Amino acid sequence: MAEPHDEMTPFEAVTFFFHEAADAADVDDATREILSGTYREVRVQVPLRRDNGEKHVFYGYRVQHNGARGPYKGGVRYDLSADLDETRALASLMTWKTALVDLPFGGAKGGVQVDPRSLSSPELERLTRRYMSQVSYIVGAHRDIMAPDMGTNAQTMAWMMDAWGQKAGHDPAIVTGKPIALGGSVGREAATGRGAIMVLDEAVRDAGRERGDLTIAVQGFGNVGSWAARIAVEDGYRVVAVSDIGGGIYVGSGLDLEAVDRHVEEAGTVAGCPGTEPLDSGELLSLDVDVLIPAALGGVITKSNVDDIRADVIVEAANHPVTPAADHVLRDRGVEVIPDVLANAGGVTVSYFEWTQNIQQFHWDADRVNAELRKRLRRGYRTLLDFADSAGCDLRRAAFGVAVDRVAEAARLRGYL
Ligand code: NAD
């Protein structure tokens, strides 16, 4: 296979990891074609009348990558980077993620290419309802279930559920990540960040290290990054730096996250939080910390900055934060990279619990949600380690190896070919 490089698009990068696993698993050509492509891609126009009367047309996507193991599942992103290629990459990662943690789902992703901060709340509501309406003919509680991702949240899911209900009848299982008052699951909001720390806990225990000795830097302070930071502090780690699109902050003895939350509430960014030193997002990545948690955008650790990375563990809470070219450098240097398909699988796992609760019309309590989450992620981590041990490979190649085997087997059993 050709050497990876930083000019790869997000979908080329994810597909590169797939091909590495497919080569090792000896997947036949037709199966390889199915799994390296996408099943269905929809691009929709999402017209919006702004509050001031101006008319604007946005573009939205829904990509269904593979449904061999169950209904398509994946979030919806509102971001300027949410184009077709990025959506394909994220849909493909969902297929491998749901397979690795053994959820009965396939992989999908959606997005609207928009900066959500440039819209008012009523504009976001109209945009969301229109997007849901435009893709409604390919989604469904047993066909394709959406969830929050960057730029979307529980409120977005509430609007989506309502828009679907007006068309097809009320069904809370149509989306996950809803507000609890509308059938959301306790623990869903924190689940992706919590899952990232649960997986880190496994690695720390295996390495015989103590949480209290470990420093952490987190890039991104949205849903995933802020919960990962909070739970890490609760668990005894020392979170010394966090950042968001407005900038970063550092305190060597550990950040007071309650003070950071209060500052974000007022200022809308972590930057400038009193009692902290300023950082830019690039500096955060190269801090001398034990654990680095990228929890914002994809493609932030590249061949050009990988040599600056000083952490010896990277927990990929964001999707595809490390390019394949940088990944090879980290692997050769022996940096332990816990890959996105496991590190951020906590979100889709609790989404699965939410979907199950909606179908059963039953509620689980927080203890049950978190205990089941830990069990699933621990099993995923152990499966991955066993594969890595027997194949003599690193965790990323093991993760893709396990997932590709499972999806290829499901495709074969269903008689795709
Ligand atoms: P979010 O919109 O809630 O937060 C994104 C954060 O990233 C914000 O703090 C934003 O300011 C920050 N950010 C954006 N650009 C930045 C930059 N250049 N430098 C530093 N920070 C920057 O999104 P989220 O839901 O927390 O998602 C974050 C990542 O986690 C994404 O890669 C997403 O695909 C992935 N993910 C999310 C979930 C979920 O359940 N929400 C599940 C799995 C994976």
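Note that ligands are numbered from 1 as they come in the structure, with each ligand's atoms numbered from 1 the same way. Bear in mind the structure is a predicted one, so any value in this text is a computation, not a measurement. Basis for what follows: all heavy atoms, side chains included, without hydrogens, waters or symmetry-related copies.
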(request) Return yes if some donor-acceptor pair links the side-chain N/O of Arg238 with the main-chain N/O of Gly252 below 3.5 Å, else return no. (result) yes

Measure and list all N/O to N/O distances between ligand 1 and the protein that fall under 3.5 angstrom.
unit_1: ligand 1; atom_1: 2 (O); unit_2: Gly151; atom_2: N; d: 3.0
unit_1: ligand 1; atom_1: 3 (O); unit_2: Asn223; atom_2: N; d: 2.9
unit_1: ligand 1; atom_1: 9 (O); unit_2: Phe221; atom_2: N; d: 3.0
unit_1: ligand 1; atom_1: 9 (O); unit_2: Gly222; atom_2: N; d: 3.1
unit_1: ligand 1; atom_1: 11 (O); unit_2: Ile245; atom_2: N; d: 2.9
unit_1: ligand 1; atom_1: 19 (N); unit_2: Ser281; atom_2: OG; d: 3.0
unit_1: ligand 1; atom_1: 26 (O); unit_2: Asn223; atom_2: N; d: 3.2
unit_1: ligand 1; atom_1: 26 (O); unit_2: Val224; atom_2: N; d: 2.8
unit_1: ligand 1; atom_1: 32 (O); unit_2: Arg77; atom_2: NH2; d: 3.4
unit_1: ligand 1; atom_1: 32 (O); unit_2: Ala296; atom_2: O; d: 2.8
unit_1: ligand 1; atom_1: 32 (O); unit_2: Asn319; atom_2: N; d: 3.1
unit_1: ligand 1; atom_1: 34 (O); unit_2: Arg77; atom_2: NH2; d: 2.8
unit_1: ligand 1; atom_1: 34 (O); unit_2: Asp149; atom_2: OD1; d: 2.8
unit_1: ligand 1; atom_1: 34 (O); unit_2: Asp149; atom_2: OD2; d: 3.3
unit_1: ligand 1; atom_1: 34 (O); unit_2: Asn319; atom_2: ND2; d: 2.8
unit_1: ligand 1; atom_1: 40 (O); unit_2: Arg188; atom_2: NH1; d: 3.4
unit_1: ligand 1; atom_1: 40 (O); unit_2: Arg188; atom_2: NH2; d: 3.2
unit_1: ligand 1; atom_1: 40 (O); unit_2: Thr192; atom_2: OG1; d: 2.8

(request) With sequence neighbours excluded, tell me which residues meet salt bridge (charged side-chain N to carboxylate O under 4.0 Å, His left out) with Arg188. (result) none

(request) Please step through side chain to side chain donor-acceptor pair (under 3.5 Å) for the pair Thr156 and Asn153, ending with a clear verdict. (result) CA-CA 5 Å; Thr156 324; Asn153 55 27; 3.1 Å; yes

(message) Within this structure, what is the NZ-CE distance for the pair Lys178 and Met160, rounded to the nearest 0.5 Å?
(response) 12.0 Å

(message) Could you check whether Trp96 and Phe17 have their ring centres less than 6.0 Å apart?
(response) no

(message) If you take the centroid of each ring, where Trp contributes its six-membered ring, are Phe18 and His65 closer together than 6.0 Å?
(response) no

